[in-house]
Amino acid sequence: MARAMFEYTKMVLHKVSFDPKLFCKELEKAASRLLPYEIDELRIWLNAYIQGRPELSQCLIYIK
């Protein structure tokens, strides 16, 4: 079940990446729902995902 939540979070973040404000809001929700090791995995995924999207880098404060 926990793994499904992690995959769902990645899908949602991908879908809302067009709007930095909405992306930050979803990332904040994810940080409160995921397990600590999943947050570490999400941080790794986010670093790769936002490489070409500098407007989303401001949202990383929610998982650090």
Side-chain angles (χ1 to χ4, degrees):
M1 176 69 172
R3 193 73 193 164
M5 188 59 158
F6 176 69
E7 293 300 324
Y8 175 75
T9 298
K10 288 192 329 186
M11 181 188 67
V12 168
L13 289 173
H14 177 71
K15 287 185 177 187
V16 299
S17 64
F18 66 91
D19 181 8
K21 190 173 183 179
L22 188 55
F23 188 86
C24 288
K25 183 177 178 183
E26 290 298 329
L27 188 56
E28 188 176 14
K29 283 198 287 189
S32 68
R33 293 182 178 155
L34 295 176
L35 298 172
Y37 73 91
E38 290 175 320
I39 292 174
D40 292 337
E41 288 183 44
L42 184 63
R43 188 178 296 119
I44 293 167
W45 179 81
L46 279 170
N47 285 329
Y49 187 74
I50 64 169
Q51 284 299 94
R53 300 170 182 89
E55 67 277 4
L56 299 178
S57 63
Q58 66 189 1
C59 300
L60 290 178
I61 63 169
Y62 292 109
I63 60 165
K64 292 196 177 199

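By convention here, the first residue in the shown sequence is residue 1.
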Listed once per pair and sorted, the disulfide (SG to SG under 2.5 Å) pairs that draw on residues 3-45, sequence neighbours left out: C24-C59
Whether over 12 other heavy atoms sit under 6.0 Å from Y8 OH: no
Residues forming a side-chain contact (heavy atoms from CB on, under 4.5 Å) with N47, sequence neighbours excluded: R43, L60
ring-ring contact (aromatic ring centres under 6.0 Å, His included) contacts touching residues 44-64 (sequence neighbours left out): H14-Y49, W45-Y49
Listed once per pair and sorted, the salt bridge (Lys or Arg N to Asp or Glu O under 4.0 Å) pairs that draw on residues 9-18, sequence neighbours left out: E7-K10
Salt bridge (Lys or Arg N to Asp or Glu O under 4.0 Å) involving E41 - partner list, sequence neighbours excluded: R3
Residue pair A31 / I39: nearest heavy atoms and the distance that separates them: O-CD1, 3.4 Å
Heavy-atom pair with the smallest gap, counting every atom of L42 and A30: CD2-CB, 4.3 Å
L27 side chain reached by L46 side chain, heavy atoms, under 4.5 Å: yes
Interatomic spacing from CG in L22 to CG in L13 - rounded to 0.5 Å: 9.5 Å
Pairs involving residues 27-36, ordered by first then second residue, that meet side chain to side chain donor-acceptor pair (under 3.5 Å) (sequence neighbours left out): E26-K29
Linked, directly or transitively: M5 and I44 (ILVMFWY side chains, under 4.5 Å): no
